[in-house]
Amino acid sequence: MRLPEQPRTMSTGSGNFLLVPIPEYPGLDCVPNKNVKIVVLGASNVGKTALIVRFLTKRFIGDYEANTGALYSRKINLDGEQVSLQVQDTPCVSLQDDAEGLYCQEQINRSIYWADGYVLVFSITDMHSYRTIQPLYEHVRRIHPSGNIPIILVGNKSDLLRARQVPTDEGQALAAELGGHYFEASARENHEGVQAAFLHLCQEVSRALGGVNGEKRRGGLHLARPKSPNMQELKRRFRQVLSSRGKSTTAV
Ligand SMILES: Nc1nc2c(ncn2[C@@H]2O[C@H](COP(=O)(O)OP(=O)(O)OP(=O)(O)O)[C@@H](O)[C@H]2O)c(=O)[nH]1
């Protein structure tokens with residue numbers, strides 16, 4: 001696809017974001033029957049989209065349009081094997097007024113059902129987003145009542161230390177309670193931390209899925225995958241960012 005010219009108002013950085021390819025899957029050299037499907041969940045504005053884009057492209061763009069639930073795919077190398085990875089971004093969830101239940105769109109429920117691994121994200125600058133995590137996990141549990149649920153907990157925006165509301169040990173304690181690992185990360189400032197978190201989850205999922213031709217955890221149950229705007233959606237979003245005038249955008 002021909003890419004739009006970069007507007008002069010954009011920060012040039014290392015060039016046009018769209019020039020970074022995200023390989024489409026499936027690749028012929030991928031391990032058959034091994035699709036790692038993960039979904040990224042959390043409250044509004046915690047950086048779900050930023051984390052996914054950072055992981056897949058190593059880049060950070062400051063502003064995204066409100067999330068409509070894009071599905072991204074690529075090949076990754078896990079323990080020497082090429083594996084197909086799908087990452088589902090989701091609209092935000094929010095706590096109900098009684099702070100016990102969740103507002104969770106049906107689209108998100110479908111994504112939870114579809115996925116094999118879960119990235120639960122809060123912002124370390126937003127205690128409310130942290131409080132969303134436990135009910136969110138319980139919601140995932142209701143959809144997958146039995147079996148191992150590979151999860152990681154990500155405290156994003158670790159670059160904003162002065163605005164921190166959630167201490168590191170609270171993140172660690174919650175992750176331990178939920179049976180997952182805790183990562184503090186900054187989608188804005190650091191690729192390595194984000195990559196470590198996602199790869200850890202991918203490995204957990206890969207193990208849960210079994211060997212090269214391992215049986216799926218849910219015994220071959222196939223739910224239609226969530227709506228898949230995929231690369232077209234990603235490109236459309238970037239075009240929108242590139243063409244929006246007067247918005248300050250950081251291209252790393
Ligand atoms: N300082 C800082 N800002 C971040 C970081 N990650 C994301 N942001 C900013 O936080 C805002 C929200 O980021 P998004 O990726 O859109 O968050 P989201 O969770 O997908 O938001 P929703 O679409 O509301 O669900 C944007 O302005 C990002 O630039 C981070 O690590 N550090």
Side-chain angles (χ1 to χ4, degrees), residues 10-11 13 17 22 38-72 87-95 102-112 115 118-133 135-137 139-140 151-166 168 171 182-198 201 226-227 229-230 233-242 244 246-252:
M10 282 283 297
S11 151
F17 191 106
I22 302 175
I38 65 181
V39 63
V40 180
L41 301 163
S44 173
N45 213 37
V46 294
K48 297 181 292 298
T49 306
L51 285 166
I52 294 170
V53 172
R54 182 59 118 164
F55 171 56
L56 294 178
T57 70
K58 303 190 180 174
R59 306 290 179 110
F60 178 76
I61 284 188
D63 291 313
Y64 303 87
E65 63 177 295
N67 185 279
T68 51
L71 179 72
Y72 304 106
V87 185
Q88 177 71 52
D89 198 357
T90 57
C92 62
V93 298
S94 56
L95 281 177
L102 269 188
Y103 288 115
C104 196
Q105 295 177 19
E106 187 50 32
Q107 175 190 356
I108 300 179
N109 292 335
R110 288 169 59 83
S111 298
I112 292 171
Y118 303 86
V119 182
L120 306 184
V121 185
F122 68 90
S123 163
I124 66 153
T125 66
D126 178 0
M127 181 54 89
H128 192 74
S129 71
Y130 172 79
R131 294 206 181 100
T132 307
I133 297 293
L136 179 55
Y137 175 78
H139 189 74
V140 173
I151 64 152
I152 56 167
L153 180 62
V154 176
N156 189 37
K157 307 198 184 184
S158 65
D159 56 296
L160 298 178
L161 281 179
R162 288 191 181 171
R164 182 191 279 276
Q165 293 182 1
V166 184
T168 301
Y182 179 57
F183 296 85
E184 278 193 358
S186 168
R188 174 179 285 273
E189 299 218 322
N190 182 285
H191 169 66
E192 284 74 21
V194 176
Q195 189 183 31
F198 274 83
L201 181 64
K227 206 172 146 217
N230 211 346
E233 171 67 12
L234 188 59
K235 286 175 181 171
R236 188 181 67 74
R237 283 181 178 217
F238 292 163
R239 272 201 303 277
Q240 190 173 55
V241 171
L242 291 173
S244 63
K247 272 192 173 178
S248 94
T249 304
T250 309
V252 181

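Counting starts at 1 for both ligands and their atoms, in listed order. Values reported hereafter were calculated over all heavy atoms of this structure, with side chains retained and with hydrogens, waters and symmetry mates removed.
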N or O pair under 3.5 Å between Phe60 and ligand 1: no
Shortest non-hydrogen separation from Glu189 to Arg54 and the atoms involved: C-NH2, 3.5 Å
Ligand 1-proximal atoms of Val46, by part, heavy-atom distance under 4.0 Å: both
Any donor-acceptor pair under 3.5 Å from Ser186 side chain to Ser158 backbone: no
Selection from Asn45, Asp159, Leu41 by shortest heavy-atom distance to atom 24 (O) of ligand 1: Asn45
Which of the ligand 1 atoms, numbered from 1, are nearer than 4.0 Å to a heavy atom of Leu160: 1 (N)
Proximal atoms of ligand 1 relative to Thr49 (non-hydrogen, under 4.0 Å): 15 (O), 20 (O)
Any N or O of Thr90 closer than 3.5 Å to N or O of ligand 1: no
Close N or O approach (Asp89, ligand 1; < 3.5 Å): no
Atoms in ligand 1 flagged as close to Ser44, the criterion being non-hydrogen separation under 4.0 Å: 24 (O)
Side chain to side chain contact (heavy atoms under 4.5 Å, CB included) assessment of Leu56 paired with Phe198: CA-CA 10 Å; Leu56 294 178; Phe198 274 83; over 6 Å; no
Ligand 1 to Ala185 polar contact by distance, N or O atoms, under 3.5 Å: no
Residue portion contacting ligand 1 (non-hydrogen atoms closer than 4.0 Å) for Asn156: side chain
Val46 to Ser129 - nearest heavy-atom pair and separation: CG1-CB, 3.5 Å
Non-hydrogen atoms of Asn156 and Gly47 that approach each other most closely: ND2-CA, 3.6 Å
Where ligand 1 meets Ala50 - atom numbers and elements under 4.0 angstrom, heavy-atom basis: 6 (N), 7 (C), 15 (O)
Nearest non-hydrogen partners of Glu192 and Asn190, listed with the distance: N-OD1, 3.0 Å
From Val166, Asn45, Val121, Asp126, residue fulfilling side chain to side chain contact (heavy atoms under 4.5 Å, CB included) relative to Lys157: Asn45
Shortest non-hydrogen contact between Thr132 and Pro135, atoms and distance: O-CD, 3.3 Å
